[in-house]
Each structure stands twice: as structure tokens, then as C-alpha cells.
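One-based numbering, in listed order, for ligands and for the atoms of each. Keep in mind that what you see is a predicted model, and the values were worked out from it rather than measured. Below, each value reflects all heavy atoms present in this structure, side chains not excepted, and no hydrogens, waters or symmetry copies.
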Amino acid sequence: MGKIVFLSNRLPTTVKRNKEGALVYEESIGGLSTGLKSFHQEADSIWIGWPGILEEDLTGEEKQEIKKTLRDNYQCIPVFLSKREVDEYYHGCSNRTIWPLFHYFTGKTEYDPSNWETYCEVNRKYFKTAEEYLDSEDVIWVHDYHLFLVPELLREGYPQLKIGFFLHIPFPSFEVFRLLIWRKEILKGLLGANLIGFHTYDYMWHFLTCVRRLLGCEDVLDKIIYNGRYVHVNAFPMGIDYERFFNYQIEPGVAENSEFSLENGQGMKTILSVDRLDYSKGIPQRLKAFETLLKRYPEYKEKVTFYLIVAPSRVEVKAYHQLLKEIRELVSEINGRFGTMDWMPVWFFFRPFTQEMLINYYRQADILLVTPLRDGMNLVAKEYIAARNDYRGMVVISETAGAANELGEAIIVNPNDYRHTAAGIKAALEMPEEEQEARNLIIHQRLKSYNVDYWGEEFLRALRWTGTYALEAGLPRHIKEDIEEIQKAWCQAKKRLLLLDYDGTLVDFTNVPEEAKPDLELRKLLNEAAEDLKNTVVIISGRERHNLLRWLGDIHLHLVASHGLWIRNPGQHEEWNMTARQEKGWKNVVLPILGTYTDQIPGSFIEDKVYSLAWHYRQCDPVIIEAKLPEIRETLNRILQSTNLGIQEGKKVLEVKDKTVNKGQAATYFLNRDQYDFILALGDDHTDEHMFTMLPKKAYTVKVGLGKTAARYRTDTWLSARMILKKMIQS
Ligand code: ADQ
């Protein structure tokens with residue numbers, strides 16, 4: 001088993017310069033590094049990320065020194081970033097575009113194309129750094145919204161690698177996500193992973209909806225089918241290092257120092273909140289809720305003190321300056337209005353505290369008030385409960401924090417509803433100790449079982465398992481496993497039959513069918529295959545005759561059009577043989593029905609073929625299609641019953657045609673013409689299944705993409721299907 005490679009924007013260790021100018025190494029703060037740190041220290045792993053110091057501020061020698069110290073002492077690999085990169089990729093695109101949008105602050109979201117370009121550039125830089133340290137057995141775990149494009153870059157370079165991605169912030173609903181200019185790039189970037197994890201199922205459903213509606217990919221339960229691979233998605237609610245918080249021994253110097261004591265006891269209750277400075281954390285709203293408490297329940301004046309601990313963060317972003325100003329104003333307003341000589345209602349601390357100090361405060365506070373407007377998870381709430389090894393205290397948390405899903409026994413409030421929040425605080429303040437204990441005990445059990453190790457191990461276990469899924473799902477063998485044997489059979493063969501579907505097999509799908517014409521590479525490939533006298537090469541397609549003739553008529557190929565209705569031998573130019581007599585009269589009945597649906601569903605269109613009607617819905621909203629398709633099928637089936645017509649379903653198209661005509665019959669026609677000692681058939685959709693089932697068992701039948709099939713083998717995409725042909729020809 002290889003090592004684990006963590007990739008995240010920041011390293012868990014920050015490099016700074018002290019007053020004397022020497023380089024110092026400190027622990028980074030923030031949910032991600034706090035959560036993963038213990039996991040990283042124990043596992044055979046390396047962590048790749050930015051050490052937090054600008055590249056311009058370092059000499060070449062210092063960079064080497066940092067590299068060595070981080071590697072030797074912290075299992076870390078630095079990615080050095082310049083001031084421009086930090087400004088545009090981190091403060092710009094990550095924190096002024098993605099962060100606000102993903103937390104539903106659409107009004108704060110900036111769209112700057114040059115920041116996006118730098119974001120792409122820096123993602124490539126992380127990928128390049130990772131490349132230097134990768135072994136084929138390694139498992140890569142990419143973290144968070146700064147590195148959305150890394151999974152795709154890794155996948156392109158290393159198709160076999162196990163790549164996981166975890167998103168620490170919410171994934172917004174489709175209506176919000178679609179506002180982003182680079183929404184498709186982000187989805188495609190993520191889909192390079194084998195496994196994508198979210199804190200909650202809600203975020204996962206949002207992601208699946210976005211993938212379906214923006215990329216048109218199908219999903220089955222917890223898997224997306226993308227580029228011939230399964231991409232797994234799941235919810236992995238992040239836990240904390242429970243035992244550490246529960247058992248933490250606070251140094252006597254800290255515990256006994258009155259400066260570090262909250263002013264509780266003697267009739268005074270204390271409320272604590274701990275956050276990074278961020279508008280998503282709802283700090284002004286929280287202060288207003290506290291003010292509402294004092295207004296609505298004046299009996300709490302001089303009886304409750306609010307300790308507001310805020311860690312500076314992203315101070316370079318303007319929105320954060322305004323926020324800090326707003327918080328300061330609100331704090332002084334409340335203190336000015338309600339304070340007395342003996343009592344200051346709000347104590348505001350704007351600096352980071354060590355974990356020990358936080359635990360010290362957690363253990364003293366009667367209530368933890370965490371009311372983010374949006375939060376991926378919120379670890380502070382979990383830390384507070386775990387640190388309370390006396391099982392006392394109460395959490396008041398907003399429903400918009402991911403953690404609220406797991407803290408059902410806490411008091412859950414709407415952060416925008418100050419009265420509701422104030423009533424929640426009051427209920428917590430007045431809750432009898434036995435009830436606090438009973439509620440907290442349940443949460444303790446949960447936090448103990450679902451701790452950060454469990455979270456990390458579950459994610460990695462799921463990630464390692466992803467590759468074996470294909471076999472367990474009953475899919476056929478991947479052709480790459482037997483390719484050499486097949487090449488050998490090709491070389492020994494005297495007469496070969498190649499049956500090749502066109503769309504989705506030799507070329508990619510396009511929005512307009514007319515645009516899927518063969519490129520030079522494909523024409524060359526088919527030419528080479530057809531020139532070999534041992535080969536009978538058949539393009540077997542649902543396309544109309546004129547398309548095939550115009551695009552491929554000059555190559556020495558057998559052409560089968562309209563799913564087997566027409567066959568043309570090489571050199572016969574426009575002489576097509578019809579394999580079954582056909583009627584057209586029925587089109588007068590079916591065309592108006594399809595016309596009605598085409599009018600109702602934007603993006604759909606009818607392809608009026610000579611003896612069939614194809615209804616295409618590739619460009620339609622998948623949600624509308626999902627709702628409408630059963631009705632369309634039923635309407636058509638009712639009309640078509642007791643005729644020889646049927647619906648043939650392809651990829652994002654359904655076609656009404658003579659059901660007795662199919663690719664299986666066309667394949668039989670060729671089988672009957674000669675004795676072949678090598679048969680290769682490639683196809684990607686339902687229509688090709690007729691062909692696969694009619695061919696002898698020894699034929700090499702290959703399904704392009706995933707899904708149920710009668711084929712012996714599978715391959716990933718039309719690109720890999722072309723590769724197979726190339727390999728055969730070159731053998
Ligand atoms: P954050 O937004 O950083 O994390 P949070 O989950 O609360 O939010 O984690 C904060 C961590 O930093 C905690 O471990 C806490 O102890 C520490 N911390 C917070 N304020 C501090 C302060 N004033 N001084 C010192 N330490 C402080 C992001 C997402 C969250 C998600 C985490 C983990 O925004 O929603 O829960 O990642 O996935």
C-alpha cells in the first residue's frame with residue numbers, strides 16, 4: 001500500500017518571520033488543519049500546501065531550508081506562492097468568488113476573469129508539485145474549494161490513481177451555483193476524482209443536481225457516470241479528536257490565572273462564541289440576538305456576560321474590514337447601552353487563542369453560542385461539547401450549520417430570527433443540569449464514535465474501494481486487461497470482421513447531430529483498417545444514409561445506415577440495399593405527437609428520417625426530461641401497440657422505427673457472407689446490444705462506457721475505443 005498524499009491550500013504548519021527576522025514554524029488555525037492534523041501525524045503521509053509566507057520574502061537558500069525543515073520535521077511539502085498568486089488565486093478567486101457564493105452570499109460574489117486564470121495556474125502548480133512526490137500506489141486526498149481543478153489534472157496525467165476530494169464548505173443549490181461563470185470547469189475539475197465527499201447529504205444532492213443539469217451526466221444512487229468511469233459521492237460528516245478535547249489537562253498556570261477565567265458563578269452566567277472573522281459566521285446577527293435577549297428578558301441584565309472570541313482571518317479582503325468595524329460598533333453599542341460600573345455585557349477578543357486556551361474557556365462557559373448564517377460543518381460546537389467532560393453546558397446552534405444535523409439534542413435556532421435565538425439562549429440558560437447532562441451524554445457518545453479518525457478512515461476506505469466497484473457491479477472485464485491476447489489473435493487471423501458503431505463510439509456526441517463529422521485522425525484510422533485486405537470493416541449506425549455517405553463514402557467501408565435498414569458495400573457509391581420493406585404513413589400520426597412534446601420542452605427537436613422519427617433531448621433540462629419521459633414513452637407505446645413499430649432508446653434520443661430492423665440483423669447479414677476467424681464489435685448504447693447478442697461467443701464485443709451490457713469487454717470512452725483500433729492495426 002502506498003502513502004497518503006494530502007493536498008490543501010495551506011499546510012498545517014505556517015512559516016513566519018519573528019521580530020528578529022528568523023523563520024519560525026507555527027501551527028495553522030482553521031477547521032481543516034485542526035481536523036486532519038492528528039490523522040496526518042499518525043499515517044504514512046505527506047501534506048502538500050502553501051506554508052503561508054510569500055515567495056518574494058524568501059531567498060533561494062531560505063526556500064531550501066523551509067523545504068527541508070518542513071519535510072524532515074512536519075512531513076510537509078511547500079508550494080511557494082508569489083504575492084500576485086496569493087492576491088488573485090487565494091484572496092481573489094477563492095475568497096471573493098467561490099467562498100461567498102458557496103455560502104449563499106451572492107451579493108458579495110465577484111467575478112474577475114483574471115483571478116480565475118490565476119486560480120487555474122495555481123491549481124496546476126499544486127498538481128506539478130504533487131507530481132514530484134507521487135508513486136503509483138499512493139492515495140491522493142485533495143481538500144477544499146481552493147483546489148477544485150486538481151483532481152482533473154491528476155486524472156489526465158495518471159488515469160489509474162486513486163483520487164479523493166473533500167469539500168469543507170457547503171455545496172450550494174443549483175440556482176445559486178449556476179450563477180458562477182466557471183461552473184462547468186469546476187464540476188469537470190472535481191469529476192476527475194474517484195470519490196467526492198461532503199459534510200452532509202444536502203450538499204451532496206445539490207452537487208448531483210448541478211452535475212445532472214449542467215453537464216447532463218447520469219447518476220445512479222451514489223455514483224455519477226463520467227467519461228466512462230464511476231465517480232462516487234457520499235456524505236462524511238467530519239468529526240473531531242474527541243479524546244484530546246475530553247482528556248485535555250490544562251496547565252495549572254492557565255487554569256488558575258484569573259485573567260483566563262470567565263466571570264461566572266455567583267449568579268453570573270457566561271455565553272461564549274469562537275469563530276474566525278467571517279461574514280458567514282453571523283457575528284453581527286449574534287450580537288443583535290444577544291441584545292434582543294437583554295431587551296426582552298431584562299432580568300438577565302448583570303446576570304449574563306457574552307465572551308466573543310474572533311480570530312483574525314483573511315484580513316486582506318475588504319469585506320472583512322467592514323465586518324470587523326460593524327462588530328466593534330455593535331459591541332460598543334451594547335456595552336454603552338446596557339453596561340454598568342460592575343458589568344460589561346460583551347467582552348470582545350480579536351486575536352487567535354491556542355487550543356489550550358480555547359479548551360480552558362470551553363470548560364467554563366455555560367453556553368456556547370454558534371450561529372453561522374452558513375457553515376459547512378462547524379467544529380467549534382463539537383469541540384465545546386467534547387471538552388465539557390462534566391457533561392454540563394449547552395450549545396445553541398443555527399440550523400444553517402452542517403453540524404446542526406448531528407447535534408439534534410442541542411438548541412437549534414434560525415440565526416436571522418433574533419427573538420428565536422434570544423429565546424433559545426434563555427432556554428439554555430434555564431435548562432436544569434440533569435437535562436443538560438442527559439442531552440450532552442447522547443452527543444458525547446456520537447462524537448466519540450464518529451471522531452476525526454473515523455471520518456478520515458471511512459473516507460479513505462471508501463476511496464480505496466472505488467476501484468473494485470466495477471467488478472462487483474457485474475460489469476465486464478476492462479479490455480486493457482486482455483489487450484495483448486487480442487492483438488495476438490488479430491495477428492494470427494486470416495479474415496477479420498470489424499463492426500463499428502459511429503456516434504459515441506468513434507466520435508464524441510455533439511449538441512447538433514450534423515456536427516459529429518469524422519476528423520482527420522479517424523478517417524486515417526478507418527482508411528488503414530479498410531486497406532488491409534484481411535479486413536471487412538463495417539460502420540453500423542443509426543444515422544441516415546446521406547450522413548454516412550457524405551462523411552465516409554470515399555473510404556473502402558461497408559456502411560449500414562438507419563440501424564440496419566440500409567446496407568452499402570464498398571465502391572457501390574450510392575447503391576444502397578434495403579433489408580426490409582418499409583412504410584411511412586405512420587409518420588403522419590406520430591409526428592404531431594412528438595411535435596407537441598417538442599413545443600413543450602425547450603431544447604428538444606425532431607430528426608425526420610426517411611423511415612423513422614428520432615426525438616433528441618440532449619440539450620434539454622434533465623429535470624424536465626426526467627419528469628416527462630415516462631409520459632412520452634407511454635403515449636407512444638399506446639399508439640404503436642399492435643403495429644410493427646417500436647421505440648428504440650439511444651443516448652439522449654428516442655426513435656420510433658420498425659422494431660424488426662436492428663443492428664443484430666445487420667450483423668447477421670455479414671456473418672452469413674463469409675467465415676471470419678476474428679470478430680471485433682464496438683458500440684456504446686442500447687442499439688448496439690442487438691449486435692453484441694447476435695455475434696458468436698468468441699467475438700470480441702466491447703461496450704464503450706459503463707452500464708449493463710451483453711458485451712464481453714468494456715472500455716472507457718470513444719477515445720479509448722479509437723485506441724483499441726489503433727493498437728490492432730499497428731500489431
Ligand atoms: P472554519 O471556517 O475554519 O472551517 P470551524 O469548523 O469552526 O470553521 O473550525 C474552526 C477551527 O479553528 C476549530 O478547530 C477551532 O478550534 C479553531 N478556531 C476557530 N476560531 C478560533 C479562534 N478564535 N482562535 C483559535 N482557534 C480558532 C472550515 C469550514 C467549516 C468546517 C471546517 C472543517 O468553514 O464549516 O467545519 O472547515 O471541515
J.: Out of His103, Lys382, Glu383, who gets a non-hydrogen atom closest to atom 16 (O) of ligand 1?
T.: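 When every heavy atom of His103, Lys382, Glu383 is considered, Glu383 comes closest to atom 16 (O) of ligand 1.
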J.: State whether Tyr104 and Arg374 meet the cation-pi test: NZ (Lys) or CZ (Arg) under 6.0 Å from the six-membered ring centroid, and within 45° of the perpendicular axis.
T.: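 So Arg374 does make the cation-pi contact.
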J.: With a 4.0 Å cut-off on heavy atoms, does Met357 reach ligand 1?
T.: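 It does not; every heavy atom stays at 4.0 Å or beyond.
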J.: Show the atoms of ligand 1 that are less than 4.0 angstrom away from any heavy atom in Val310.
T.: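 Under 4.0 Å from Val310, ligand 1 has these atoms: 23 (N).
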J.: Is Trp99 close enough to touch ligand 1? Criterion: a residue heavy atom under 4.0 Å from a ligand atom.
T.: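 It does; at least one heavy atom falls under 4.0 Å.
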J.: Please report the closest heavy-atom contact between Ile283 and Arg276, naming both atoms and the distance.
T.: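 Of all heavy-atom pairs spanning Ile283 and Arg276, the closest is CD1-O, 4.2 Å.
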J.: What atoms of ligand 1 come closer than 4.0 angstrom to any heavy atom of Leu358?
T.: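 The list of qualifying atoms is 16 (O), 25 (C), 26 (N), 27 (C).
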J.: Going by the order shown, which atoms of ligand 1 are within less than 4.0 Å of some heavy atom of Asp275?
T.: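 Selected atoms, number and element: 20 (N), 23 (N).
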J.: At a 4.0 Å threshold, what atoms of ligand 1 neighbour a non-hydrogen atom of Gly376?
T.: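 It comes down to these atoms of ligand 1: 35 (O).
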J.: Considering non-hydrogen atoms only, spot the tightest contact between Tyr391 and Asn440 and give its length.
T.: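 Closest approach of Tyr391 to Asn440: O-ND2, 3.0 Å.
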J.: Which label fits Tyr25 and Tyr74: parallel for a plane angle under 30°, tilted from 30 to 60°, or perpendicular past 60°?
T.: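 Geometry flag for Tyr74 against Tyr25: parallel rings.
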J.: Taking only heavy atoms of Val380 into account, list the atoms of ligand 1 that are under 4.0 Å away from them.
T.: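 Atoms satisfying the 4.0 Å criterion: 7 (O), 15 (C).
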J.: Looking at Tyr300, is Lys426 sitting on its ring face, NZ or CZ under 6.0 Å from the six-membered ring centre and within 45 degrees of the normal?
T.: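 Cation-pi check for Lys426 and Tyr300: fails.
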J.: Please check whether Arg351 reaches ligand 1 - meaning an N/O of the residue sits under 3.5 Å from an N/O of the ligand, judged on distance alone.
T.: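 No, there is no polar N/O contact under 3.5 Å.
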J.: Would you check whether Pro352 has a nitrogen or oxygen atom less than 3.5 angstrom from a nitrogen or oxygen atom of ligand 1?
T.: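 The answer is no, given that Pro352 and ligand 1 share no N or O pair closer than 3.5 Å.
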J.: For Ala311 and ligand 1, does the shortest N/O to N/O distance drop below 3.5 Å?
T.: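 Right, the criterion is met.
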J.: Between ligand 1 and His199, can you find any atom pair, the residue atom being a heavy atom, that is separated by under 4.0 Å?
T.: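 Yes; His199 lies near enough to ligand 1 that a heavy-atom distance drops under 4.0 Å.
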J.: Would you name the heavy atoms of Ile48 and Val5 that are closest together and state the gap between them?
T.: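 Minimum heavy-atom separation between Ile48 and Val5: CD1-CG1, 3.7 Å.
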J.: My understanding is that only one of Glu356, Arg363, Gln364 makes a side chain to side chain donor-acceptor pair (under 3.5 Å) with Asn360; could you say which?
T.: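 Going through Glu356, Arg363, Gln364 one by one, the side chain to side chain donor-acceptor pair (under 3.5 Å) with Asn360 is satisfied by Gln364 alone.
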J.: Can you check which of Lys281, His168, Arg276, Met238 brings a heavy atom nearest to atom 29 (C) of ligand 1?
T.: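 Closest candidate by heavy-atom distance is His168.
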J.: Using heavy-atom distances, let me know which of Leu379, Ile309, Val274 sits nearest atom 20 (N) of ligand 1.
T.: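 That would be Val274.
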J.: For the side chain to side chain contact (heavy atoms under 4.5 Å, CB included) test, which of Thr371, Asp417, Leu373 pairs with Gln285?
T.: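 Between Gln285 and the candidates, side chain to side chain contact (heavy atoms under 4.5 Å, CB included) is satisfied uniquely by Leu373.
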J.: Please give me the minimum heavy-atom distance between Trp50 and Val79, naming the atom from each residue.
T.: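 Where Trp50 meets Val79 most closely, the heavy atoms are CD1-O, 3.2 Å.
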